[in-house]
Each structure stands twice: as structure tokens, then as C-alpha cells.
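Working notes for the structure below.
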Amino acid sequence: AVMEQAMLYGRDGSLLSDLRAKHAARKNGVDFELDVLLDKSVLESTIKEMSTTFNSTVQDAQTIVDVSKTAATYQVQSKIYAADAVVGRAVDIRNLIDAIVDAVEQDATSRTIVAKWEETQPGSSDADSVMTDCQKIGAYTTSLSQASAAQLANAWKAGGLLSGLQVAPGESISMLSVLGDMTEEEGWQTAEVIGSDNWTEEVGGGASQVASTLYAALLQAEVQVDARTHHAWAPDYIAPGLDARLCAAENADLVFKNPYDKPIYILVQVDGSKEKMITVEVYGAPLGYTVEITANKFVDSEPTKAAVVQ
């Protein structure tokens with residue numbers, strides 16, 4: 001009806017009166033009264049959609065582990081930090097809808113309506129206090145300088161899968177379970193490894209270096225180690241007695257358990273292009289003391305090929 005009035009304005013009188021009406025309209029404008037119709041279902045859906053912009057979910061200050069992996073340079077970069085708490089806010093949708101409906105019904109559409117919302121305070125808001133129980137309590141570094149291309153690729157893959165692991169109090173972790181099926185279909189490569197009595201090749205060769213570096217870091221953090229298999233002889237990338245062999249076929253696994261009443265976190269740094277090293281870090285509640293690991297080599301020998309008797 002309003003559109004029809006606007007279209008017919010200046011057309012329903014004499015020529016002179018119409019010209020005068022059009023001139024006045026161009027100069028001063030013409031007000032047409034609008035009928036305001038309110039669709040409550042559309043109003044409600046619109047407000048709900050808009051409220052998602054303002055609403056926020058309550059969140060305590062928490063520990064965040066960020067892991068980035070770059071395949072081209074065999075890099076794994078990991079960091080741990082505390083995220084600030086977030087106050088929960090929720091717009092009172094029903095109250096806002098009622099206020100808008102009331103304004104429309106009272107023909108007070110120019111009225112300013114202020115939305116009300118409810119706040120929920122987080123239980124823990126101090127990010128610094130979160131990190132109090134998340135200090136570095138163990139760390140160990142081994143060199144990748146002697147690793148082959150395939151060993152390097154496998155060490156990078158293993159480090160990326162391990163990094164960011166959170167272990168709850170009393171929880172046990174199997175390194176083989178963390179790595180999953182070590183097959184070529186899963187992206188693992190065949191590489192040289194120390195076998196039961198000689199050098200051999202296995203899919204996933206190089207992952208044991210990550211397990212060995214982890215084992216040494218766990219010892220420094222005094223984390224409970226329930227299963228560990230050493231190599232037939234000490235690999236040259238780590239001090240004697242600190243190596244850990246992985247081989248699913250031989251049930252050679254590294255299994256450890258969090259003995260503390262707070263979570264522990266495992267972070268891995270892998271640099272396969274420049275520094276050529278792996279670092280495994282263990283974070284948890286401070287021990288109150290430091291642990292130093294020493295190892296002595298008593299015998300330095302490698303197996304030789306067995307003689308063939310004919």
C-alpha cells in the first residue's frame with residue numbers, strides 16, 4: 001500500500017496541482033506512514049545468529065602445546081605455554097526478543113534497546129599459576145649427523161607423532177602405540193638398524209633414536225619406565241646404556257608411566273637440515289632437585305659377519 005501511494009503521488013490531480021506536488025516532493029520530501037509487521041520466528045533466528053558474535057564459552061587458564069612440522073626440511077618445532085582464561089558470556093536472547101516486540105507494539109521503534117547478558121567466571125584465571133606445574137624437568141639431545149636420508153625421515157616422523165603428548169597421572173604410554181603401524185603404506189621408510197646380532201634393514205629404522213632420546217629424558221625427569229629393550233650394542237648417537245630399541249616384531253617397546261599427581265607433557269624438537277639433532281623435553285611439576293645421568297662404556301666392539309663353514 002505504501003509503495004502504491006508513493007508511485008501515485010503527484011498523479012491524481014490536475015496537471016498544475018501534480019506539478020506543484022512533485023516540485024514540493026523534490027524540495028522537501030514526502031513522508032509516507034509505514035505499517036511495521038513483526039515476524040517473531042525471523043526475529044528470533046536473526047538474534048540467535050547475531051548472538052554468536054558476542055557470546056563466548058567460559059574457559060579456565062590452560063596449558064597449550066603447539067607443534068609444527070615441516071616435511072621439506074625435517075623440522076619439528078614444539079612449544080608449551082599458558083592460554084589466558086576466557087570469561088563466559090551469553091546474551092539473554094529471550095529478554096532481548098521481548099524488548100524488541102514491546103517496542104514494536106508500542107510504536108517506539110526509535111527506542112534504544114540494550115541487550116542483557118549473563119557472565120560465567122572461569123575457575124582458574126591466572127595463566128602464570130598454570131605454568132607453575134608445567135616446568136621442564138627432563139631434556140636430552142642426540143645428534144642426527146650420521147643418519148641416512150631414510151633414518152632422518154623416520155626420526156622426523158616419529159618425533160612429530162610423539163611431540164605434544166600429554167600423559168595423565170598414573171597413565172601408561174607405549175611408544176609403539178604412539179607411532180602406530182610402522183609400514184611403508186603409513187609413510188615409513190626402510191632404513192638400516194642394529195639387529196639382534198648384526199646390521200640389518202627394517203621399515204621405520206631411525207625411530208629408535210627418538211625412543212632412545214625420550215628414554216634418557218624420562219630418566220632425568222624420574223618418570224617410571226616399565227619396559228625398555230636395549231640394542232645388541234650401543235649406537236653411537238647416545239651414551240651407552242641410554243638407548244631404547246623399537247621393533248614390533250620382537251616386542252621391543254618403550255613403555256612408561258606418569259608417577260606424579262600432575263600431568264606431564266612430552267615435547268620434541270627435530271632439526272634435520274641445519275643442526276641435525278633431536279631434543280626431547282619432559283614438562284611437569286618441579287622436582288625440587290636436578291637429576292644428572294652418567295654412563296660408562298666398558299667394552300667397545302661391533303659384531304662381525306659369521307664365518308661360513310662348508
* Residues two or more places apart in sequence or in another chain: which of them pass side-chain hydrogen bond (donor to acceptor under 3.5 Å, both in side chains) with Ser41? -> Asp39

* Using links of under 4.5 Å between side-chain heavy atoms of ILVMFWY residues, direct or through other members, which residues join Val130 in one cluster? ->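 Traced through the cluster, Val130 reaches no other member.
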
* Between Thr142 and Gln209, is a side chain to side chain donor-acceptor pair (under 3.5 Å) present by the stated rule, with each step listed? -> CA-CA 8 Å; Thr142 60; Gln209 180 168 349; 3.0 Å; yes

* To do: For Glu222 and Tyr289, run side chain to side chain donor-acceptor pair (under 3.5 Å): C-alpha distance rounded to whole Å, both residues' side-chain angles, the deciding distance at 0.1 Å, then the answer.
  => CA-CA 11 Å; Glu222 296 209 322; Tyr289 53 87; 2.4 Å; yes

Side chains of [X] and [Y], heavy atoms from C-beta outward: is any pair under 4.5 Å?
X	Y	answer
Val255	Val225	no
Val280	Ile266	yes
Leu214	Met175	yes
Trp199	Val193	no
Gln121	Val87	yes
Leu43	Val101	yes

* Can a cation-pi geometry be assigned to Lys69 and Trp156, taking NZ or CZ under 6.0 Å from the six-membered ring centre and within 45° of the ring axis? ->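 Checked: cation-pi criterion not met.
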
* **Ionic contact status for Glu44 with Lys48, cut-off 4.0 Å** => yes

* Give a yes or no on whether a salt bridge exists between Glu281 and Lys79, defined as a side-chain N under 4.0 angstrom from a carboxylate O. =>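 No, no charged N to carboxylate O under 4.0 Å.
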
* Please check if atom CD in Gln106 has more than 12 non-hydrogen atoms from other residues, nucleotides or ligands closer than 6.0 Å. => yes

* Residues, nucleotides or ligands: over 12 heavy atoms within 6.0 Å of Gln62 CD -> yes

* To do: May I ask you to decide if Pro263's main-chain N or O and Glu171's side chain share a donor-acceptor pair within less than 3.5 Å?
  => no

* Asp253 side chain to Leu176 backbone, donor-acceptor under 3.5 Å -> yes

* **Verdict with reasoning, Thr63 to Tyr265, per side chain to side chain contact (heavy atoms under 4.5 Å, CB included)** => CA-CA 10 Å; Thr63 302; Tyr265 301 84; 3.7 Å; yes

* Are Asp226 and Gln224 close enough that a side-chain donor and a side-chain acceptor fall under 3.5 Å? -> yes

* Asked: Going by atom types alone, do Gln75 and Ser273 pair a side-chain donor with an acceptor below 3.5 Å?
  ->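 Their side chains do contain a donor-acceptor pair, which is all the 3.5 Å distance test asks for.
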
* Give the C-alpha distance, both sets of side-chain angles, the deciding distance and a yes or no for side chain to side chain donor-acceptor pair (under 3.5 Å) between Asp243 and His231. => CA-CA 7 Å; Asp243 62 299; His231 292 82; 2.8 Å; yes

* To do: Begin from the C-alpha positions of Ser148 and Glu192 and carry the test side chain to side chain donor-acceptor pair (under 3.5 Å) through to its verdict.
  => CA-CA 8 Å; Ser148 66; Glu192 195 173 47; over 6 Å; no

